[in-house]
Amino acid sequence: MENYLQKVVEDKRSYIDKGTLPEYIPELQKARKDALGVSIVTIEGDTHHAGDYKYSFTIQSISKVISLMLALKDKGESYVFSRVGMEPTGDPFNSMVKLETVRPSKPFNPMINAGAIAVSSMIEGNSGEEKIKKLLDFFRKITHNPELEINEDVYLSEKRTGDRNRAMAYFMKDVGVITEDIEDSLDVYFRQCSIEVTTKDIAYIGAFLANNGVDIITGERVMEERFVKIAKTFMVTCGMYNGSGEFAINVGFPAKSGVGGGIMAAVPGKMGIGVVGPSLDEKGNSIAGLEILKDLSKNLDLSIF
Ligand code: GLN
């Protein structure tokens with residue numbers, strides 16, 4: 001397996017030059033554009049790595065899958081889905097166009113920025129700090145990495161430049177989708193996006209989802225199966241934003257990307273996969289990471305369809 005993974009990483013390095021680093025979060029410009037790595041964690045607990053699997057990057061939108069499950073646990077399905085929809089948009093992840101033009105006004109799904117900001121505001125806690133602590137503790141548990149931390153520079157960079165997210169959040173408060181304090185809710189969202197991980201960490205998250213919410217090492221049920229199922233379904237329909245349809249055809253398993261260059265995938269009943277490659281395509285997905293997943297899906301026969 002290691003030899004195969006090593007070969008895939010080397011084969012796909014040529015794609016790195018075809019993409020770019022995101023400009024709208026200045027701190028992400030410091031990423032190593034040439035980094036490329038992959039980790040696999042099977043639900044039996046076997047791990048395989050290749051390339052730059054020790055490279056640290058911020059989790060970004062991959063965190064939206066986890067905040068959704070925590071909000072569902074805290075507030076229940078009917079509360080969450082009365083405020084956030086279940087449909088793909090076909091628009092970029094940070095688009096705000098449908099927020100006002102479609103009535104009643106609610107973000108289309110929890111994987112686009114607007115939906116994810118609303119979802120993070122629903123996590124129970126007396127303050128923003130309490131909510132982010134709860135999120136971080138949960139991430140540490142499911143990654144089996146008690147050392148996970150928030151990258152303060154990335155967080156501050158997002159906070160300083162996140163005017164589009166801020167605009168959408170204030171709009172959602174106006175129409176009643178968000179009831180909490182806006183700056184507090186944005187702070188939770190910016191911080192959750194700034195959690196620093198490696199491919200191994202996100203592969204553990206994928207394995208936890210692939211195992212329906214039961215910890216693959218301790219056997220403990222950490223999340224209700226229903227909420228894990230909802231999360232994985234959103235990963236299929238909206239996980240790669242307006243690239244989700246093509247991804248379903250070419251790769252064919254639940255996955256979630258982030259602008260830090262990571263992609264977290266859950267192959268149901270089999271394994272979690274984490275890839276990193278900070279060079280992104282025009283939709284904000286890791287350009288070489290996608291190619292690695294395509295290869296893995298084909299050669300290991302992983303499509304669920
Ligand atoms: N923090 C990023 C943002 O709000 C997350 C986007 C992403 O990873 N696609 O724009």
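Computed over heavy atoms, backbone and side chain alike; hydrogens, waters and symmetry mates excluded. Start at 1 and go down the list; that is how both ligands and their atoms are numbered.
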Quick one: is the NZ or CZ of Lys141 closer than 6.0 Å to the six-membered ring centre of Phe138, and within 45° of its axis? no
N/O to N/O under 3.5 Å, ligand 1 against protein:
unit_1	atom_1	unit_2	atom_2	d
ligand 1	1 (N)	Gln60	OE1	2.6
ligand 1	1 (N)	Glu158	OE1	2.7
ligand 1	1 (N)	Glu158	OE2	3.4
ligand 1	4 (O)	Asn113	ND2	3.2
ligand 1	4 (O)	Asn165	ND2	2.9
ligand 1	4 (O)	Tyr189	OH	2.8
ligand 1	8 (O)	Ser61	N	3.1
ligand 1	8 (O)	Ser61	OG	2.6
ligand 1	8 (O)	Val259	N	2.8
ligand 1	9 (N)	Ser61	OG	2.9
ligand 1	9 (N)	Tyr241	OH	2.9
ligand 1	10 (O)	Tyr24	OH	2.6
ligand 1	10 (O)	Asn113	ND2	3.1

Looking at Lys294 and Glu291, is any side-chain nitrogen of the basic one under 4.0 Å from a carboxylate oxygen of the acidic one? yes
Check residues 245-271 and write down every donor-acceptor pair under 3.5 Å in which the side-chain atom is one partner and the other belongs to a residue at least two apart or another chain.
unit_1	atom_1	unit_2	atom_2	d
Lys256	NZ	Gly239	O	2.9
Lys256	NZ	Tyr241	OH	3.0
Ser257	OG	Asn285	OD1	2.6

Sidechain N-carboxylate O distance under 4.0 Å for Asp295, Lys298: no
So which pairs with a foot in residues 41-67 pass salt bridge (Lys or Arg N to Asp or Glu O under 4.0 Å), sequence neighbours left out? Arg13-Asp52, Arg32-Asp52
All side-chain hydrogen bond (donor to acceptor under 3.5 Å, both in side chains) counterparts of Tyr170, not counting sequence neighbours: Glu183
